Amino acid sequence: GMIGAVIGLYAAGTMNMSLSQIRQHYTRMAAIPETNFTVGDKDAVIKKIVEVFQSEAEPDFLDGVTFQMKDGSWINVRPSNTEPVLRLNAEAPTKEQLDDLVGKVLSCINS
């Protein structure tokens with residue numbers, strides 16, 4: 001960890017940029033932090049999400065359910081084993097596409 005921190009500080013100093021500016025250079029997708037949603041029936045909500053997104057991409061059930069869209073967007077919804085929550089992770093090429101994906105998931109959770 002210490003070596004990585006020193007390299008990061010060295011790069012920031014030689015490039016005359018802050019670490020957040022350097023990070024923005026390498027960030028290619030709009031993303032949300034992992035977000036938790038409390039739900040009563042995790043399996044029913046996941047089933048509804050599969051119904052909504054299966055026309056856009058093939059579901060992958062390795063860890064919850066993941067959809068990788070043709071435009072590079074993806075979502076993963078996975079149930080917690082210890083809490084009544086679903087965890088959502090998502091990325092998309094643009095903020096608008098990300099908002100659309102998250103909105104579709106929210107509509108499944110809230111209906």
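Because the structure is a prediction, the values reported are computed rather than measured. Just so you know, these numbers use all the heavy atoms, side chains as well, and skip hydrogens, waters and symmetry mates.
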> Do you know the tightest heavy-atom contact between A57 and M69?
Replying inline: CB-SD, 3.8 Å
>> Test of understanding: with side-chain contact (heavy atoms from CB on, under 4.5 Å), list the residues that count as partners of D100, not counting sequence neighbours.
In response: K104
> Any chain of hydrophobic side-chain contacts (each under 4.5 Å) joining V85 to L106?
Replying inline: no
>> Going by ring-ring contact (aromatic ring centres under 6.0 Å, His included), name the pairs with one or both residues in residues 87-108, residues two or more places apart or in two chains.
In response: none
> How far does OG1 of T35 sit from CG of L86, to the nearest 0.5 angstrom?
Replying inline: 12.0 Å
>> Distance alone, cut at 3.5 Å: any donor-acceptor contact between the side chains of D60 and T66?
In response: no
>> Under the ring-ring contact (aromatic ring centres under 6.0 Å, His included) definition, can you give me all pairs with a residue in residues 32-82, not counting sequence neighbours?
In response: F53-F67
>> So, using side-chain contact (heavy atoms from CB on, under 4.5 Å) as the criterion, who are the partners of A31 when residues are at least two apart?
In response: E91
> Is any side-chain heavy atom of V65 less than 4.5 Å from a side-chain heavy atom of N76?
Replying inline: no
>> Has S111 got a side-chain atom pairing as donor or acceptor with S107's backbone, closer than 3.5 angstrom?
In response: yes
> So which pairs with a foot in residues 9-20 pass salt bridge (Lys or Arg N to Asp or Glu O under 4.0 Å), sequence neighbours left out?
Replying inline: none
>> Starting from M29, can I reach V102 by hopping between I/L/V/M/F/W/Y residues whose side chains sit under 4.5 Å apart?
In response: no
> Who are the side chain to side chain donor-acceptor pair (under 3.5 Å) partners of E83, not counting sequence neighbours?
Replying inline: R87
> side-chain contact (heavy atoms from CB on, under 4.5 Å) with D41: which residues, sequence neighbours excluded?
Replying inline: D43, A44
> Going by the salt bridge (Lys or Arg N to Asp or Glu O under 4.0 Å) test, which pairs reach into residues 28-39, not counting sequence neighbours?
Replying inline: E34-R78
>> Once rounded to the nearest 0.5 Å, what's the spacing between atom CG of N36 and atom CG of L88?
In response: 9.5 Å
>> Going by the rule side-chain contact (heavy atoms from CB on, under 4.5 Å), which residues pair with S18 if we only count those two or more places apart in sequence or in a different chain?
In response: S20, Q21
> In Å and rounded to the nearest 0.5 Å, what is the CD to CD1 distance from E51 to I46?
Replying inline: 12.5 Å
> Between A30 and L98, which heavy-atom pair has the shortest distance, and what is it?
Replying inline: C-CD2, 3.7 Å
>> As an exercise, state the distance from CD of E56 to OG of S73, rounded to the nearest 0.5 Å.
In response: 9.0 Å
>> According to salt bridge (charged side-chain N to carboxylate O under 4.0 Å, His left out), who are the partners of D71, at least two apart in sequence or on a separate chain?
In response: none
> Distance-only, no hydrogens or angles: does the T94 side chain make a donor-acceptor pair with backbone N or O of A92 under 3.5 Å?
Replying inline: no
>> According to side chain to side chain donor-acceptor pair (under 3.5 Å), who are the partners of D63, at least two apart in sequence or on a separate chain?
In response: none
> Other than I3, which residues form its hydrophobic cluster under the rule that side-chain heavy atoms must be closer than 4.5 Å?
Replying inline: I7
>> Nearest 0.5 angstrom please: Q68 CD to E58 CD, how far?
In response: 12.5 Å
>> I want to check something: taking the side chain as every heavy atom from C-beta on, are I75 and N89 in contact at a cut-off of under 4.5 Å?
In response: no
> Roughly how far, to the nearest 0.5 Å, is the CG atom of N110 from the NZ atom of K48?
Replying inline: 9.5 Å
